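Here is the structure we will look at, set down as structure tokens.
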Amino acid sequence: MSSKPKMDAETGKTDQANQASVSVWERIVSIEAAESREYFSRELLVWYDRSKRDLPWRRHRDPYFIWVSEIMLQQTRVDTVIPYFHRFIERFPTIRDLAEALQEDVVKMWEGLGYYSRARNLQAAAQQIVELHDGEMPSEREHVFALKGVGPYTAGAILSIAFNQPEPAVDGNVMRVLSRYFLIEDDIAKPKTRIGMEKIIPGLIPEGRASDFNQALMELGALICTPKSPHCLICPVMEHCRGRIEGMERELPIKTKAKKPRPEQRLAILLEGSGEHEGRVLVRRRPKTGLLASMWEIPHVAAAGEDLGVDVAQLEELLEDRGLVWSPMTAYMTAEHTFSHIHWTMKVLIAREQPEVLAQLAAESGVPYKVAVPESALEPELRFDAEDSGEEWRWVSREDMREIAFPNLFSHILNTYFADEETRAK
DNA sequence: AATCCGGGGAC
DNA sequence: GTCCCAGGATT
């Protein structure tokens with residue numbers, strides 16, 4: 001039996017660290033750690049009472065406001081959320097207003113925030129609340145948890161912040177703060193670690209102060225205990241922070257890295273309308289499920305890579321299927337966009353719709369343009385998939401863009417185009 | 001447990 | 001460029 005610590009092949013941690021990490025939660029709730037816990041909770045609240053930010057959703061303890069803000073704040077910064085929050089509450093002042101709104105309008109209010117299923121789930125949950133709880137946010141754990149789009153974090157946030165119940169609300173900030181203060185070396189990417197934190201938090205919450213305590217924890221993570229270079233010198237709990245004492249604050253929390261987004265080349269077409277479509281461009285709505293569900297975009301195809309001609313042919317087929325005829329396509333711009341799991345490099349071509357007379361001439365002369373089969377002529381069973389998928393096409397002007405929601409990438413392309421148009425007109 | 005789902009700011 | 005963020009649903 002060796003007395004030297006051995007490295008574990010799996011975790012890279014020493015036996016000693018492993019010994020500590022398997023019982024890390026017990027260590028934190030132990031009698032010996034009582035002083036450290038009480039110090040933490042006490043000083044954190046003193047600091048919060050003095051330094052908390054004046055945020056719109058902190059001005060009332062309205063469960064609806066708390067809920068909307070928490071959904072918006074998922075993976076999104078406070079500064080980004082504030083203007084969205086004001087507009088959203090102004091447009092949908094109560095849960096009932098939200099429940100009765102058109103989904104189009106709800107998603108439009110979310111345009112640019114990302115993770116659009118949050119908006120749809122929010123409205124679905126509002127409808128649940130109207131049907132099951134007479135339009136009032138429930139305060140029972142199982143009822144809150146049953147709401148669409150409400151998981152462990154958001155349920156805990158609503159119950160603690162709005163109803164002052166001693167429930168944990170563990171997000172990335174909380175895991176970072178606790179990892180450092182209690183020197184927890186578990187991987188915060190693992191659900192198990194979050195569950196461990198949820199278990200110790202009720203024991204940290206001072207009597208009657210669940211709302212402030214949970215907000216204080218997140219506030220500390222946002223303002224002081226920041227990811228890259230924490231401001232330990234001005235931290236209210238630095239004296240007993242084991243991460244800082246061991247010089248580990250920059251190494252914590254431990255988190256396995258996410259995979260790189262896979263690259264995808266795409267080819268898009270910005271088709272300018274002519275005749276009755278003058279001043280507008282062709283857009284389509286994405287399918288109801290999957291990436292950017294139900295959002296609008298300019299038409300694009302996955303590029304095969306090697307041969308641009310093959311990709312252009314795909315685009316042409318797409319337009320031919322709509323019965324469209326167009327002038328030669330030319331390069332317009334290239335745009336990049338990164339999702340959490342995909343990186344798009346999008347080449348945008350531009351072309352102009354040809355008036356019907358020219359279209360007919362083209363058709364008669366034979367070769368250049370195919371005459372597309374009108375969609376109405378297709379067999380019903382062949383049309384079903386397209387309709388069921390939610391795909392839809394239309395011509396939009398700059399003004400129309402106010403009514404329908406585009407992902408940022410396409411907003412950017414279209415805004416660039418319409419700005420160019422205005423310049424050209426002068 | 002792994003993957004899918006946006007976007008922006010800090011560094 | 002890289003990392004990270006006031007996560008949840010789906011499989």
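Just so we're clear, the structure is a prediction, and the values are computed from it rather than from any experiment.
Of the residues near DNA chain C, A:Arg53 and A:Val150, the one whose nearest nucleotide (by heavy atom distance) lies more toward the 5' end is A:Arg53. Residues A:Pro152 and A:Lys255 each lie close to DNA chain C; by heavy-atom proximity, the contact nearer the 5' end of the strand is made by A:Lys255.
Rounding to whole angstrom units, OH of residue A:Tyr84 and C1' of C:dA6 are separated by 17 Å. When rounded to the nearest whole Å, the span between CD of A:Glu70 and P of C:dA6 equals 11 Å. Following rounding to the nearest Å, A:Leu55 (CG) and C:dA6 (P) show an atom-to-atom distance of 13 Å. Between the P atom of C:dA6 and the CD1 atom of A:Ile82 lies a distance of 14 Å, rounded to the nearest Å. Across the protein-nucleic acid pair, A:Arg194 atom CZ and B:dA1 atom C1' stand 13 Å apart, rounded to whole Å. Between A:Lys190 atom NZ and B:dA1 atom C1' the separation is 8 Å, expressed in whole Å. Rounded to whole angstrom, the span from the CD1 atom of A:Ile188 across to the P atom of C:dC3 amounts to 14 Å. A straight line from CE of A:Met175 to C1' of C:dA6 spans 11 Å, rounded to a whole angstrom.
Taking atom C1' on both nucleotides, B:dG8 is separated from C:dA9 by 23 Å, rounded to a whole Å. Taking atom P on both nucleotides, C:dA6 is separated from B:dC4 by 24 Å, rounded to a whole Å. The gap from the P atom of B:dG6 to that of C:dT11 amounts to 16 Å, rounded to the nearest Å.
Aromatic ring centroids of A:His337 and A:Phe339 lie under 6.0 Å apart.
Salt-bridge formation is not detected for the pair A:Asp311/A:Lys347: no Lys NZ or Arg NE/NH1/NH2 atom is positioned less than 4.0 Å from an Asp or Glu carboxylate oxygen. The pair A:Lys108-A:Glu111 counts as a salt bridge, with a side-chain nitrogen and a carboxylate oxygen less than 4.0 angstrom apart.
Contact check for A:Ile71 versus A:Gln74: side-chain heavy atoms found under the 4.5 Å cut-off.
Note on residues 206-230 of chain A: pairs passing salt bridge (charged side-chain N to carboxylate O under 4.0 Å, His left out), not counting sequence neighbours, are A:Asp49-A:Arg209, A:Arg53-A:Glu219, A:Arg58-A:Glu219, A:Arg209-A:Asp212. Within the structure, every pair that satisfies the salt bridge (charged side-chain N to carboxylate O under 4.0 Å, His left out) test and touches residues 115-134 of chain A, not counting sequence neighbours, is listed here: A:Arg96-A:Asp134.
The residue A:Arg250 sits apart from the nucleic acid: no heavy atom pair falls under 4.0 Å. Within 4.0 Å (heavy atoms only), A:Arg176 reaches sugar-phosphate atoms of the nucleic acid but no base atom. Residue contacts shown for A:Val81 are absent, as no nucleic acid heavy atom lies under 4.0 Å away.
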Counting primed atoms, P, OP1 and OP2 as sugar-phosphate and everything else as base, the B/S/- map of nucleotides 4-11 of chain B against protein heavy atoms under 4.0 Å is SBBBBS--
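No more than 12 heavy atoms of other residues, nucleotides or ligands lie within 6.0 Å of NE2 in A:His60, so this atom counts as exposed by the packing criterion.
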